[in-house]
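Accompanying notes for the structure given below.
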Amino acid sequence: MNWREVNFDGIVGPTHNYAGLSYGNVASAKNEGLVANPREGVLQGLQKAQHLRSLGMTQGVLPPHDRPHLATLRSLGFTGSDSKMLTDAWTSSPALVRNISSSATMWTANAGTISPSPDTENGKTHFTPANLAAMFHRSIEHETTGRVLKVMFPEGEYFQHHAGLPGGTHMGDEGAANHNRFCRDYGEAGTALYVYGRSAFDVAKDLTFPGRQTLEASEAIARQHGLRGGKAVFVRQNPGAINAGAFHNDVVAVSNKNVFFYHEEAFEDPAGMQKQLRSAAPEIDFEFVEVPSAKVPLSDVVKSYMFNSQLLSPPDADKMQLILPIEVSETASTKAYIEELLASNGPIGAADFLDVRQSMRNGGGPACLRLRVALSDDQLSAMDANSVLDDALVEILQDWAGRHYRDRVSADDLGDPQLMEECFAALDELSQILKLGSVYDFQR
Ligand code: SUG
């Protein structure tokens with residue numbers, strides 16, 4: 001049976017903008033007020049997906065959600081027609097409208113946690129949409145995400161779905177961005193590493209920025225998914241890294257199969273992390289590529305997003321390959337480090353630098369834009385919807401974005417009912433292209 005890792009990239013939404021919504025996310029705060037170009041954003045994302053396809057990777061997409069999210073306005077007491085609700089909400093609180101209009105669903109590393117079938121007791125692939133409780137604009141994602149995942153991966157022989165965790169920020173869960181799966185090969189039993197920022201019931205006095213993921217949330221997901229005995233390891237992110245702007249662990253670490261590429265300051269106890277992984281999975285020949293602060297300071301990690309890269313095993317390559325944001329080649333320390341890494345004859349043999357600047361300005365690099373799912377041939381065939389890319393679908397999506405997306409959206413445009421109508425028309429058509437059925441909350 002052939003297995004592969006499929007990357008499902010979030011399609012940048014038509015309301016993509018810079019509203020400075022994410023406290024603790026340095027780029028989001030720094031770029032608040034810039035004018036965004038959603039059309040360029042969606043095309044940059046599709047280009048990245050095409051690049052992975054050119055390396056022989058299987059590539060899918062996940063749709064943007066309906067924004068502005070009128071269902072949230074309705075649940076907060078707004079009434080009347082769509083445009084009346086939007087206008088009333090904008091008059092009452094532009095900040096609220098900015099939150100319910102964010103295109104943050106494009107960062108699908110936060111869509112959910114996936115445990116592939118070789119890792120679970122009942123032999124099914126388990127999905128839990130992340131509740132994203134730490135940020136209001138993201139806390140409204142998980143119900144739609146859950147519906148989309150259920151359409152794409154129908155419940156039954158192969159796939160099992162769970163609801164997002166209850167419990168608000170105590171059970172704060174940010175999905176795959178704080179989860180790594182190690183294995184010898186994608187179809188073999190793996191071991192999960194869950195990285196948390198704090199404990200649910202303690203005050204984390206060492207954090208100045210939010211620790212979005214709690215230990216208890218990670219433990220709950222490992223339980224729900226019925227991970228095979230002893231195959232889950234829980235470690236704390238270094239609070240210093242969170243305070244420096246690594247609001248998710250995938251800003252300071254990335255893994256693939258047996259390789260873990262991470263920064264010296266990523267974990268509270270890096271030696272303990274290595275030890276726990278080795279003892280949970282003695283069959284895996286771990287390769288830890290720990291990058292010292294003396295070579296790349298944490299501030300350059302956060303600025304360049306060097307670890308927010310995709311670490312891939314292209315089918316025809318004998319070494320792994322990094323997909324990095326172009327900012328890494330523009331930052332002296334990270335550029336030099338990647339050159340040294342490629343020359344070192346280690347497990348990583350190639351690196352490409354891609355332009356995803358529209359996303360990067362909101363703190364989302366290549367790794368934030370993708371959700372990884374390890375799938376067998378049979379599981380891939382059991383998928384529903386039309387979300388796995390071929391050239392024809394990419395062309396259709398490029399044409400769709402060209403017709404529907406604006407090339408300028410600012411945070412001040414979000415109260416405009418005309419923009420809302422454009423977004424709903426775009427998503428109405430997209431749900432037909434991707435054969436999603438009725439996953440959205442708006443009515444047409
Ligand atoms: O949750 N930014 C996202 C970025 C998510 C990146 N994902 C991963 N690291 N996996 C966030 O902070 C900014 C939106 C704004 O400010 O308009 C935002 O939501």
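Quick note: numbers below take in every heavy atom, side chains included, and nothing from hydrogens, waters or symmetry partners. Atoms within a ligand are numbered from 1 in the order they appear, just like the ligands themselves.
Atom numbering of ligand 1 starts at 1 in the shown order; those under 4.0 Å from a heavy atom of G363 are 4 (C), 6 (C). For ligand 1, the atoms sitting less than 4.0 Å from at least one non-hydrogen atom of A177 are 10 (N), numbered in the order shown with element in parentheses.
Shortest contact from atom 11 (C) of ligand 1 to any protein heavy atom: S22 OG, 3.4 Å. Atom 10 (N) of ligand 1 has D250 OD2, 2.7 Å as its closest protein atom, hydrogens excluded (heavy atom only). Ranking protein heavy atoms by distance to atom 8 (C) of ligand 1, first place goes to C368 SG, 2.8 Å.
For the pair D269 and R236, the salt-bridge criterion is not met [side-chain N within less than 4.0 Å of a carboxylate O].
For ligand 1, the polar-atom distance check against G20 finds a nitrogen or oxygen pair separated by under 3.5 Å. Ligand 1 has a nitrogen or oxygen under 3.5 angstrom from a nitrogen or oxygen of A19. At under 3.5 Å, a nitrogen or oxygen of N362, whether backbone or side chain, sits near a nitrogen or oxygen of ligand 1.
Between the side chains of N110 and R138, a donor-acceptor pair is found at a separation under 3.5 Å. Between the side chains of Y186 and N256, a donor-acceptor pair is found at a separation under 3.5 Å.
When heavy-atom distances to ligand 1 are checked against a 4.0 Å cut-off, H137 comes that close only through its side chain, counted from C-beta outward. Of the heavy atoms in A109, only side-chain atoms (C-beta onward) come closer than 4.0 Å to ligand 1. Contacts of R212 with ligand 1, taken as heavy-atom pairs under 4.0 Å, involve the side chain alone. Neither the backbone nor the side chain of E174 comes within contact range of ligand 1; no heavy atom lies under 4.0 Å.
Open room surrounds CZ on R408; 12 or fewer heavy atoms of other groups in view lie less than 6.0 Å from it. With a 6.0 Å radius and a threshold of 12 heavy atoms from other residues, nucleotides or ligands, E188 has its CD atom above the threshold. Under a cut-off of 6.0 angstrom, the local environment of NZ in K319 is crowded, with over 12 non-hydrogen atoms contributed by other residues, nucleotides or ligands. Other residues, nucleotides and ligands place no more than 12 heavy atoms under 6.0 Å from the CD atom of E143.
Between Y262 and F260, the two ring planes are tilted [angle within 30° to 60°].
Looking at N110, N17, L21, it is L21 that brings a heavy atom closest to atom 16 (O) of ligand 1.
Checking S103, S101, S359 one by one against H16, the side-chain contact (heavy atoms from CB on, under 4.5 Å) holds for a single residue, S103.
Within the 4.0 Å heavy-atom cutoff, R138 counts among the residues contacting ligand 1.
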